[in-house]
Enquirer: 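Can you keep this structure in mind? I'll have questions shortly.
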Amino acid sequence: MSKRIEIKELLKNPPIGEAVYVKGWVRAFRSNRFIALNDGSGFNNIQVVVDFEKQPEDLLRKVGFHACLAIKGQLVESEGKGQAVEIVAEEIEVLGETDLEKYPLQAKAQSMEFLREHAHFRMRTNTFSSVFRLRHAISFAVHQYYHDRGYYYLHSPIITGSDAEGAGEMFQVTTLEANNAPKDEEGNVDYKQDFFGKATNLTVSGQLQGEIAALALGKVYTFGPTFRAENSNTSRHLAEFWMIEPEVAFNDIFDNMDLAEDFSKYLIRYCLDNYAEDLEFLDKRIQNSEKQMKAEDRRPMGLIDTLKFVLENDFERITYTEAINLLRSSKPYKKGRFKYEVEWGKDLQAEHERWLVEKKFKKPVIVRDYPKDFKAFYMRQNEDGKTVAAMDVLFPGIGEVIGGAQREERHENLLARVNEMGIPEEELWWYLDLRKFGGAPHSGFGMGFERMVLFITGMSNIRDVIPFPRTPGNAEF
RNA sequence: GCCUCAAUAGCUCAGUUGGUUAGAGCGUCGGACUGUUAAUCCGUAGGUCCAAGGUUCGAGUCCUUGUUGAGGCGCCA
């Protein structure tokens, strides 16, 4: 009786007839009699039945939406229909009141935009508590997947002195004062006097360090925050996001594709197997919100059906050249509906990727062997001399969730490419060394963690699947 | 960075061709209610119509600039 029990545990193994002690927040107080209490341990609430004649009136007044309570009572089989068991309250203690005249949240659906502005309260809603439980689940499943398969978790650095990843604009890290930085003889900022003795940035990718580890430990993965200072204003981009980057010695591009598909499916399966209640709630939520929409704007399948469909079907695998040919024989191409040109040598645009994934194949698609001209320097050159062993995994509704490649392991080829692209060789001496001493074919990819969370939860804005989103012009909370 | 749209009560929104005192639902607050499931019923209060400037006898409504947000595009994961 003296020890608190978590609501999830209480509902899993209900000790009917026994005295119980729970704590949590009020999700609803109905009919001056029924409290729906949730302590965050799971999706489901416990119903607390109050005999209001036995409780002081001023105490019951404090039992409002999202107030925090501690309740002692007896667990009994429920007389009502919506739940199997309930607690008959004997002692109610108010741990934290909520002044509802000032509290912004309400016991009804509120817009994602509004809740985003109240990010310190939004996790108390059904939607966000489900999303963040799933975010945890996916994160845990990532480690489980790789650990079970003999991969080593590599902590790649957050601060990097390398300026050669080429993955995007970087955030500078410095202890120099903006207004009073020391200057060199030419009048430029003298980073030799900075904390690290050189210019440094927040990492945009752990891949290059991952390769170092893969060529010693065999199979590794990184899972950490990455930073892009791009002025990207979309529902799929963050300035601070988490990325999972496996890197595997001796894997070629086909092994890489197998890994990407198997890994993605594992994460989805883990959530379906372990977090069904949260997924069911999110599924219903989407269906309700789409009721007012026109049929053609609705998703073709419910959330859980979509996830199961992805699990049960192979990802489509095509080359970039095949993708171009398919696009050029498509209806929207022939009718001139595409805004961007479809031509071998030009990158696939979002509208092209969407057609391939959502119209043509209706499932995840892996596109490989892209022209080398618009891909990174480290990707392995194919025999045709025109393409590289790059791959993108495209998901319905989101687009690119995974980007990867077989890495160029041949020192001559890599060096030629580095020079061709005008990258300073001295920045990459250690990366080039990996090819000079015991080099090996190897492959890897980066999965945008939030994009995977977006897909699995069915949310539509990436800002709603990370607790505290960082985007251009916004670093609140 | 570019394009489009939006901003009115705590929230979600309506507001006619520019014309009297700006409305509704939900929430709040007050009351009723001992089997509710976003409970229900009755009542009350609640507004610098995003900001600044302009046009006009008169602006929530029209114009300009700005701010914030959303959607799309580009960059990518």
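In what follows, chains carry the letters A, B, and so on, assigned in the order in which the sequence lines appear, proteins first and then strands, with residues in each chain numbered from 1. The model shown is predicted, which means the values in this text are computed figures rather than measured ones.
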Enquirer: Can you sort out the partners of A/E101 under salt bridge (Lys or Arg N to Asp or Glu O under 4.0 Å), two or more places apart, ordered by chain and number?
Expert: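 A/E101 satisfies salt bridge (Lys or Arg N to Asp or Glu O under 4.0 Å) with no other residue.
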Enquirer: Side chain to side chain contact (heavy atoms under 4.5 Å, CB included) with A/V85: which of A/L10, A/V76, A/L11, A/V20?
Expert: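 Among A/L10, A/V76, A/L11, A/V20, the one meeting side chain to side chain contact (heavy atoms under 4.5 Å, CB included) with A/V85 is A/L11.
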Enquirer: The side chain of A/R116 lies closest to which of these nucleotides: B/rG69, B/rA77, B/rU36?
Expert: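 Selected nucleotide: B/rG69.
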Enquirer: Quick one: which protein N/O atoms are closer than 3.5 Å to N/O atoms of nucleotides 11-15 of chain B? Pair and distance per line, please.
Expert:
unit_1: B/rC11; atom_1: O2; unit_2: A/K108; atom_2: NZ; d: 3.2
unit_1: B/rU12; atom_1: OP1; unit_2: A/S111; atom_2: OG; d: 3.0

Enquirer: Decide yes or no, distance alone: a donor-acceptor N/O pair under 3.5 angstrom between the base of B/rG72 and the side-chain of A/E351.
Expert: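 Answer no: no donor N or O sits under 3.5 Å from an acceptor.
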Enquirer: Taking NZ, NE, NH1 and NH2 as the nitrogens, is one of them in A/E280 or A/K284 under 4.0 Å from a carboxylate oxygen of the other?
Expert: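 Looking at A/E280 and A/K284, the cut-off is not met.
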Enquirer: Distances under 3.5 Å between protein N/O atoms and the N/O atoms of nucleotides 44-52 of chain B, please, pair by pair.
Expert:
none

Enquirer: If the P atom of B/rG60 is compared with that of B/rC76, how far apart are they to the nearest Å?
Expert: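 Each nucleotide's P atom is 48 Å from the other's.
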Enquirer: Taking the minimum atom-to-atom distance to the side chain of A/H237, which one of B/rU36, B/rC76, B/rG35 wins?
Expert: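 Comparing B/rU36, B/rC76, B/rG35 against the side chain of A/H237, the answer is B/rC76.
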Enquirer: Pairs in or reaching into residues 468-477 of chain A: which pass side-chain hydrogen bond (donor to acceptor under 3.5 Å, both in side chains), with residues at least two apart or in two chains?
Expert: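 Matches after skipping sequence neighbours: none remain.
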Enquirer: Side chain of A/S78 only, please: which of B/rA39, B/rA77, B/rG35 is the nearest?
Expert: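 Within the option list, the nearest is B/rG35.
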Enquirer: What's the closest nucleotide to the A/E230 side chain, out of B/rC75, B/rU34, B/rA77?
Expert: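 Nearest to the side-chain atoms of A/E230, counting from C-beta on, is B/rC75.
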Enquirer: Compute both the distance and the angle, then confirm whether A/R124 meets the cation-pi test with A/F65: under 6.0 Å from the six-membered ring centre, within 45 degrees of the axis.
Expert: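 Not satisfied by the 6.0 Å and 45° rule.
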Enquirer: Mind checking salt bridge (Lys or Arg N to Asp or Glu O under 4.0 Å) for A/K372 and listing every partner two or more places apart, or none if nothing turns up?
Expert: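 Partners of A/K372 under the salt bridge (Lys or Arg N to Asp or Glu O under 4.0 Å) test: none.
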Enquirer: Side chains of A/E211 and A/H442: any donor to acceptor distance under 3.5 Å?
Expert: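 Side-chain D/A pair, A/H442 to A/E211: present.
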Enquirer: How many Å lie between NZ on A/K375 and P on B/rC75, as a whole number?
Expert: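 It works out to 10 Å between those atoms.
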Enquirer: Under a 4.0 Å N-O cut-off, is there an ion pair linking A/D464 with A/R122?
Expert: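 The answer is yes: the pair qualifies as a salt bridge.
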Enquirer: Do the side-chain N or O atoms of A/S235 get closer than 4.0 angstrom to the phosphate oxygens (OP1, OP2) of B/rG72?
Expert: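 So the side-chain polar atoms of A/S235 do come within 4.0 Å of the phosphate oxygens OP1 or OP2 of B/rG72, strictly under.
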Enquirer: To the closest 0.5 Å, what do you measure between CD (A/Q209) and CD (A/E245)?
Expert: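 The CD atom of A/E245 is 9.0 Å from CD of A/Q209, to the nearest 0.5 Å.
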Enquirer: Distance between the C1' atoms of B/rA24 and B/rG31, in whole angstroms?
Expert: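 My reading of the C1' atoms in B/rA24 and B/rG31 gives 23 Å.
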Enquirer: Rounded to whole Å, please give me the gap between CZ in A/F29 and P in B/rU34.
Expert: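 Rounding to the nearest Å, CZ of A/F29 and P of B/rU34 are 13 Å apart.
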Enquirer: Is there a donor and acceptor pair, one atom on the side chain of A/Q83 and one on the base of B/rU36, closer than 3.5 Å?
Expert: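 Flag set: donor-acceptor pair detected.
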Enquirer: Judged by each residue's nearest nucleotide on RNA chain B, which is more toward the 5′ side, A/Y340 or A/F241?
Expert: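 The residue closer to the strand's 5' end, by nearest nucleotide, is A/Y340.
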Enquirer: Output the rounded distance in Å from CE (A/M112) to C1' (B/rA70).
Expert: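 From A/M112 CE to B/rA70 C1': 14 Å.
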Enquirer: Identify, residue by residue, the members of residues 34-44 of chain A with a heavy atom below 4.0 Å from RNA chain B, and return them in order of residue number, or none.
Expert: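 Heavy-atom cutoff 4.0 Å gives A/F34.
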Enquirer: Which pairs count as side-chain hydrogen bond (donor to acceptor under 3.5 Å, both in side chains) when at least one residue sits in residues 337-348 of chain A, sequence neighbours excluded?
Expert: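 Matches after skipping sequence neighbours: A/T321-A/W344, A/E341-A/K346.
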Enquirer: Among residues at least two apart in sequence or on other chains, which ones pass ring-ring contact (aromatic ring centres under 6.0 Å, His included) with A/F263?
Expert: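 Testing A/F263 for ring-ring contact (aromatic ring centres under 6.0 Å, His included), a comparison that skips the adjacent residues, returns A/Y145, A/Y146.
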Enquirer: Classify the ring geometry of A/F374 against A/Y370: parallel below 30°, tilted from 30° to 60°, perpendicular beyond 60°.
Expert: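 Geometry flag for A/Y370 against A/F374: perpendicular rings.
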Enquirer: Is any N or O donor-acceptor pair between the side chain of A/S232 and the base of B/rC75 shorter than 3.5 Å?
Expert: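 By the distance-only test, yes, there is a pair.
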Enquirer: With no hydrogens and no angle check, do the side chains of A/N382 and A/T387 hold a donor and an acceptor under 3.5 Å apart?
Expert: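 Checked: A/N382/A/T387 side chains pair up, N/O donor to acceptor below 3.5 Å.
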Enquirer: Do A/T125 and A/Q110 pair up side chain to side chain, a donor and an acceptor below 3.5 Å, judged on atom types alone?
Expert: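 Side chains of A/T125 and A/Q110: no pair found under 3.5 Å.
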Enquirer: Among all residues two or more places apart in sequence or in another chain, which pass the ring-ring contact (aromatic ring centres under 6.0 Å, His included) test with A/Y152?
Expert: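 Here no residue qualifies.
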Enquirer: Would you sketch RNA chain B in dot-bracket for me? Only Watson-Crick or G-U wobble pairs with both distances under 3.5 Å count, crossing pairs as [ ], other-strand pairs as |, the rest as dots.
Expert: (((((((..((((.....[...))))..((((.......))))......(((((..]....))))))))))))....
Enquirer: Taking atom types as modelled, is there a side-chain donor on A/N38 or A/N45 under 3.5 Å from an acceptor on the other?
Expert: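 There is such a pair between these side chains.
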Enquirer: Taking the C1' atom in each of B/rC13 and B/rA70, what is the distance between them to the nearest angstrom?
Expert: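 B/rC13 and B/rA70 have their C1' atoms separated by 16 Å.
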Enquirer: Look at the side chain of A/R27 against the base of B/rA38 and say whether a donor-acceptor pair falls under 3.5 Å; ignore hydrogens and angles.
Expert: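 Answer is no: no donor-acceptor pair is held.
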Enquirer: If you count the non-hydrogen atoms of other residues, nucleotides and ligands that lie under 6.0 Å from CD in A/E9, is the total more than 12?
Expert: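 For A/E9, atom CD is crowded (more than 12 foreign heavy atoms under 6.0 Å).
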Enquirer: Write down the distance between CG (A/L348) and C1' (B/rC73), rounded to a whole number of angstrom.
Expert: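 It works out to 16 Å between those atoms.
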Enquirer: Any N or O donor-acceptor pair linking the side chain of A/R33 to the base of B/rU34 at under 3.5 Å?
Expert: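 Such a pair is found, so the answer is yes.
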Enquirer: Do any side-chain nitrogens or oxygens of A/Q349 fall under 4.0 Å of OP1 or OP2 in B/rC73?
Expert: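 So the side-chain polar atoms of A/Q349 never come under 4.0 Å of the phosphate oxygens OP1 or OP2 of B/rC73.
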Enquirer: Relative to the 5' end of RNA chain B, which residue comes earlier, A/D347 or A/L105, by the nucleotide with the nearest heavy atom?
Expert: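 Checking each residue's closest nucleotide, the 5'-ward one belongs to A/L105.
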Enquirer: Atom pairs, N/O to N/O, protein against nucleotides 28-31 of chain B, distance under 3.5 Å?
Expert:
none

Enquirer: What is the distance from CZ of A/F52 to P of B/rC33, rounded to the nearest Å?
Expert: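 Computing the A/F52:CZ to B/rC33:P distance gives 7 Å.
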Enquirer: Using OP1 and OP2 only, check whether a side-chain N or O of A/R30 sits under 4.0 Å from B/rA39.
Expert: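 Yes, such a contact exists.
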Enquirer: Measuring to OP1 and OP2 of B/rC73, would you say a side-chain N or O of A/R354 lies under 4.0 angstrom away?
Expert: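 Checking A/R354 against B/rC73: at least one side-chain N or O falls below 4.0 Å of OP1 or OP2.
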Enquirer: Go through residues 458-477 of chain A and report each residue with a non-hydrogen atom lying under 4.0 Å from RNA chain B, sorted by number.
Expert: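 Only A/N461, A/R463 qualify.
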Enquirer: Could you tell me whether the side chains of A/Y378 and A/Q207 share a donor-acceptor contact shorter than 3.5 Å?
Expert: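 Yes, a side-chain donor-acceptor pair sits under 3.5 Å.
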Enquirer: If you measure from the C1' atom in B/rG25 to the same atom in B/rU21, how many Å do you get, rounded?
Expert: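 Approximately 22 Å lies between the C1' atom of B/rG25 and that of B/rU21.
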Enquirer: With under 30° as parallel and over 60° as perpendicular, where do the rings of A/F315 and A/F395 fit, or are they tilted in between?
Expert: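 Answer is perpendicular, since the angle exceeds 60°.
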Enquirer: To the nearest Å, how far apart are A/L238 CG and B/rC76 P?
Expert: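 Nearest whole value for this atom pair: 17 Å.
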Enquirer: Using the C1' atom in both, what is the distance from B/rA45 to B/rC29, to the nearest Å?
Expert: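 Per the computed distance, 7 Å lies between those C1' atoms.
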Enquirer: B/rC76 C1' sits how many Å from A/M447 CE, rounded?
Expert: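 Distance check: A/M447 CE to B/rC76 C1' gives 16 Å.
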Enquirer: Any donor-acceptor pair under 3.5 Å between the side chain of A/R451 and the base of B/rC76?
Expert: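 Yes, the side chain and the base share a sub-3.5 Å donor-acceptor pair.
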Enquirer: Answer with yes or no after comparing the ring centroid distance for A/F132 and A/H136 against a 6.0 Å cut-off, counting only values under it.
Expert: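 A/F132 vs A/H136: aromatic centres not under 6.0 Å.
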Enquirer: Please work out whether the ring planes of A/Y151 and A/Y221 are parallel, tilted or perpendicular, with thresholds of 30° and 60°.
Expert: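 Correct class here is perpendicular.
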Enquirer: Provide, to the nearest angstrom, the distance between the CD1 atom belonging to A/I46 and the C1' atom belonging to B/rU36.
Expert: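 Answer to the nearest Å: 15 Å.
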